[in-house]
S.K.: 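My structure is below; once you've seen it, I'll send some questions.
Note that this is a predicted model, so its numbers are computed, not measured. Letters A, B, ... mirror the listed sequences (proteins, then strands); counts begin at 1.
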There are 4 protein chains.
Amino acid sequence: MLPTDLPALSAHEPVNLQIYRALRQCIVNCTLLPGEAISDKEISEQFGVSRQPVRDAFIKLVGAGLIQVLPQRGTFVMKISPKRVLNGRFIREAVEVAVARNAADKISDEQLLALAANIEQQKLAAARNDTARFLALDEEFHTTLSRSIDCIEAWELIEDIKAHMDRVRYLSLGEITSLQMLIAQHAAIVHALRSRDPAMAEEAMRSHLREINLSFGPIRERNPDWFEAE
Amino acid sequence: MLPTDLPALSAHEPVNLQIYRALRQCIVNCTLLPGEAISDKEISEQFGVSRQPVRDAFIKLVGAGLIQVLPQRGTFVMKISPKRVLNGRFIREAVEVAVARNAADKISDEQLLALAANIEQQKLAAARNDTARFLALDEEFHTTLSRSIDCIEAWELIEDIKAHMDRVRYLSLGEITSLQMLIAQHAAIVHALRSRDPAMAEEAMRSHLREINLSFGPIRERNPDWFEAE
Amino acid sequence: MLPTDLPALSAHEPVNLQIYRALRQCIVNCTLLPGEAISDKEISEQFGVSRQPVRDAFIKLVGAGLIQVLPQRGTFVMKISPKRVLNGRFIREAVEVAVARNAADKISDEQLLALAANIEQQKLAAARNDTARFLALDEEFHTTLSRSIDCIEAWELIEDIKAHMDRVRYLSLGEITSLQMLIAQHAAIVHALRSRDPAMAEEAMRSHLREINLSFGPIRERNPDWFEAE
Amino acid sequence: MLPTDLPALSAHEPVNLQIYRALRQCIVNCTLLPGEAISDKEISEQFGVSRQPVRDAFIKLVGAGLIQVLPQRGTFVMKISPKRVLNGRFIREAVEVAVARNAADKISDEQLLALAANIEQQKLAAARNDTARFLALDEEFHTTLSRSIDCIEAWELIEDIKAHMDRVRYLSLGEITSLQMLIAQHAAIVHALRSRDPAMAEEAMRSHLREINLSFGPIRERNPDWFEAE
DNA sequence: GTGGTCTAGACCACC
DNA sequence: GTGGTCTAGACCACA
């Protein structure tokens, strides 16, 4: 079920894009649960638009692997596929490790400062237990790395992978790996970059991405129907 | 301009998907040239369908970065962005090197045989100078590697990156790195996998992907309007 | 367009079967023209039933190759495919020649008498120029042959083939090969059977089936859109 | 009883068609035994769909003579009718002999090569005792012949006939005419075609089809309830 | 109750 | 808004 307090549609941005982002947001933070049925007609009425922009948004969501359209059956939020998440993590590690290695050479001093500032804010968010804010900062942290080697494409790619990983995170809020540990890992990465040491940067990034909480176990046992059959 | 001998639309598959594949094919092999204008209306008439499925296909092509929709201006085949291609190659290397490393442990004997058979066919294609066939075999070769570590997600990702790299390849047909060399590199990868040596597999894959001909130089000078301004 | 004077639906026979026969009849005698669009909804309203039994009838008509269902496009009366008709004639010749050959041995005297009587009635129908009646008798003639060798399956097979041949016949009513000639050929077949001469029976049947008017020429020129593109 | 490991339903193909094929397969290879009762409700539950697409599949199966619907009694897998199988063989002989005769003139050199390659694979399958693979190759062999005279209609017809013959074959696996002999007969057909000798091709095909093992004897004695009462 | 048949309504994709 | 497909539910006949 969609939240009743939908974001108002802004004027001069394509409607389909706004709907895409809204739906994506709802799916990633599990406001729309895995396996739940959604209907273009219903959504179009809730937003007060025609079905067309909703259809367009659906196509993009299919492209991101977040929904599944079964012709003549219905449209459903993709269930969480453990294999897909694990494979996603594998790919993400491959890419971000290479990014970190390169960044050790190329990152500018300004960007290093920005990363340090970001970490300070992470600490604040952690202190207030503001997980949403923390995740946003985390995202910005990694984006900055990709930007530092002038390879924004890397982040675009990872964004789709991350969406699937984040669904698990949101479901396991509270059981999540301690924010303190994540912050320490981020700091280690920045330290390696500041030392201009590619090998250390690679290693820091690798252990960071390996640490990410992927213990589906407890969540899956409580809600097996949110996960895809093997 | 679309080829006049369009593939007939099959009955039991969504029309939008069929059109997506047809257009993608035309863009990748440069039947539709970079920067060329395309129109949903015109295409819908050529296929004998309504504009809707063509619009759907356009959305997916935008997602793959192959076309660009300028509101109130028109729709255009993306010009080749050297930076995008180079960054794509960087990402691809990161992922496929990790794939190769893992495959050294996990690949089955059957799959090793399939790779060997594939290389034999590559030699045949090279002997007949059948470049299209060679590229298809190359694609199958790399797909098999991803499948061998049970991570088709890796290949799905690379497919979109590869589309941009392949446009350059098609334009530089003839100037392409000698097929013999590519075949030798493929053989080296298989050799490393058969030896179950991750480091060797990584190195073989890395040098293979670095070797790939991406010298825009001559093509770009002859046809500067196929490339994006920096 | 369906005829307005639809046959009333009888009480205790499945509705879908009655509709199947009605539609088949309309298609074979070209009341429903080749290529014409038909809709389950419209037909269901004309018969005063729901869409379901019409759908059931459609499935059977697809099985007989008389209509074509294009998902998400519509349902259409199959255009006449010259190749299909010709190939059908080829198959029919193969089967019925074998039937005739066998019948020379196995046919009973009673059945021979029935055939002779049938031919007499054909003469009457021809004299009154009652083509519909003639075609019904022709059908009975051939059915009797299949029954004579206890192989009703042969006729069931030919029935579907014949439906396509008959569409051409109905369109070329008047230009049809003279009924007299057909009657003479039937008589020749009976003569051969009565003589218990397999070779003669085979030859009589073969020349009969070769004689069948299949000159699409004039009809096709007048109505090219009733015929499938090659 | 249906196998428990049903094929997953694919997204972009009508459900009824997928179910039709699955059931047909089960009937032909006698996973569903002759005379066994099947129920649309039960099947719909096993596939996780409603009864409607199963009903659609049933209609097609009735058209192919593979199941029997007794109103108010139930739906049953057709028992094997010896007469039907024998008459089917008779019709198949008539058609395929004519096909072979024509193919001697019309078959292309490529198709002759394909047939030769097919026979080689038959030998491999026979060596591994892989009967299922052999039957698939056999099917492809005969299909190629029909295609060679541009008459796939012939094969479509035979396919339904063959389904009934194959049920007997599957039941008599092991007692089947030696694969070696069948391969030799296939080779003889190819030889005749390569010699462009219609009479020889006809004779080779005729003796091939006469040789096919259709001895109900032992099977019928052991399982009389799989066969129709005369 | 079971099984065959029919009705009404919903949804996706295309016009 | 339409057409093709699927779902859910009702009815009737037979056991």
Side-chain angles (χ1 to χ4, degrees), chain A residues 37-45 50-52 54-56 58-59 62 67-76, chain B residues 9 11-19 40-41 44-45 47-57 59, chain C residues 9 11-19 37-45 47-59 62 67-76, chain D residues 9 11-19 37-45 47-59 62 67-76:
Chain A
I38 55 179
S39 120
D40 55 357
K41 193 175 178 185
E42 184 183 329
I43 292 172
S44 67
E45 287 165 358
S50 83
R51 285 167 57 189
Q52 193 57 48
V54 180
R55 268 177 55 74
D56 292 356
F58 275 20
I59 293 174
V62 168
I67 68 173
Q68 190 179 15
V69 174
L70 299 183
Q72 272 67 43
R73 308 282 303 266
T75 300
F76 305 88
Chain B
L9 297 180
H12 285 307
E13 192 186 17
V15 181
N16 62 39
L17 223 168
Q18 300 184 53
I19 292 178
D40 55 356
K41 191 174 177 188
S44 66
E45 287 166 357
F47 278 101
V49 298
S50 79
R51 285 169 60 184
Q52 191 57 47
V54 179
R55 267 179 53 77
D56 293 355
I59 294 174
Chain C
L9 295 180
H12 284 305
E13 188 187 19
V15 182
N16 61 38
L17 224 168
Q18 300 182 55
I19 293 178
I38 57 179
S39 122
D40 56 357
K41 193 175 177 186
E42 185 183 328
I43 292 173
S44 67
E45 287 165 358
F47 278 101
V49 297
S50 83
R51 284 166 61 187
Q52 193 56 47
V54 181
R55 267 178 54 73
D56 292 355
F58 276 19
I59 294 174
V62 169
I67 68 173
Q68 190 178 15
V69 174
L70 300 182
Q72 271 68 41
R73 308 281 305 263
T75 300
F76 305 89
Chain D
L9 296 179
H12 286 305
E13 194 185 15
V15 181
N16 63 37
L17 223 167
Q18 299 183 54
I19 293 178
I38 56 179
S39 119
D40 55 357
K41 193 175 177 186
E42 184 183 330
I43 292 173
S44 67
E45 286 166 358
F47 278 102
V49 298
S50 79
R51 284 169 57 189
Q52 193 55 50
V54 180
R55 267 179 51 75
D56 292 355
F58 276 19
I59 294 175
V62 169
I67 68 173
Q68 192 177 13
V69 175
L70 301 182
Q72 273 67 42
R73 298 284 303 279
T75 302
F76 304 88

S.K.: With D:Ile67, which residues qualify under side-chain contact (heavy atoms from CB on, under 4.5 Å), at least two apart?
M.R.: D:Ile27, D:Ile38, D:Phe58, D:Leu61, D:Val62, D:Thr75
S.K.: Is the shortest side-chain heavy-atom distance between D:Ile59 and D:Val69 below 4.5 Å?
M.R.: no
S.K.: The criterion is side-chain contact (heavy atoms from CB on, under 4.5 Å); which residues satisfy it with C:Glu45, sequence neighbours excluded?
M.R.: C:Lys41
S.K.: Holding to side-chain contact (heavy atoms from CB on, under 4.5 Å), I want the full list of residues that pass it with B:Arg55, two or more places apart in sequence or in another chain.
M.R.: A:Gln52, A:Asp56, B:Asp40, B:Gln52
S.K.: In Å and rounded to the nearest 0.5 Å, what is the CD to CZ distance from D:Glu42 to D:Arg51?
M.R.: 12.5 Å
S.K.: Under a 3.5 Å distance rule, please check whether B:Glu13 uses its side chain to pair with a backbone N or O of B:Gln18 as donor and acceptor.
M.R.: no
S.K.: Base contacts versus sugar-phosphate-only contacts with protein, heavy atoms under 4.0 Å: please encode nucleotides 5-15 of chain E as B, S and - from 5' to 3'.
M.R.: BSB----BBSS
S.K.: For A:Gln72, which residues count as a side-chain contact (heavy atoms from CB on, under 4.5 Å) partner, sequence neighbours excluded?
M.R.: C:Gln72
S.K.: Toss me the dot-bracket line for DNA chain F: Watson-Crick and G-U wobble, both under 3.5 Å, 5' to 3', using | for pairs to another strand and [ ] for crossers.
M.R.: ||||||||||||||.
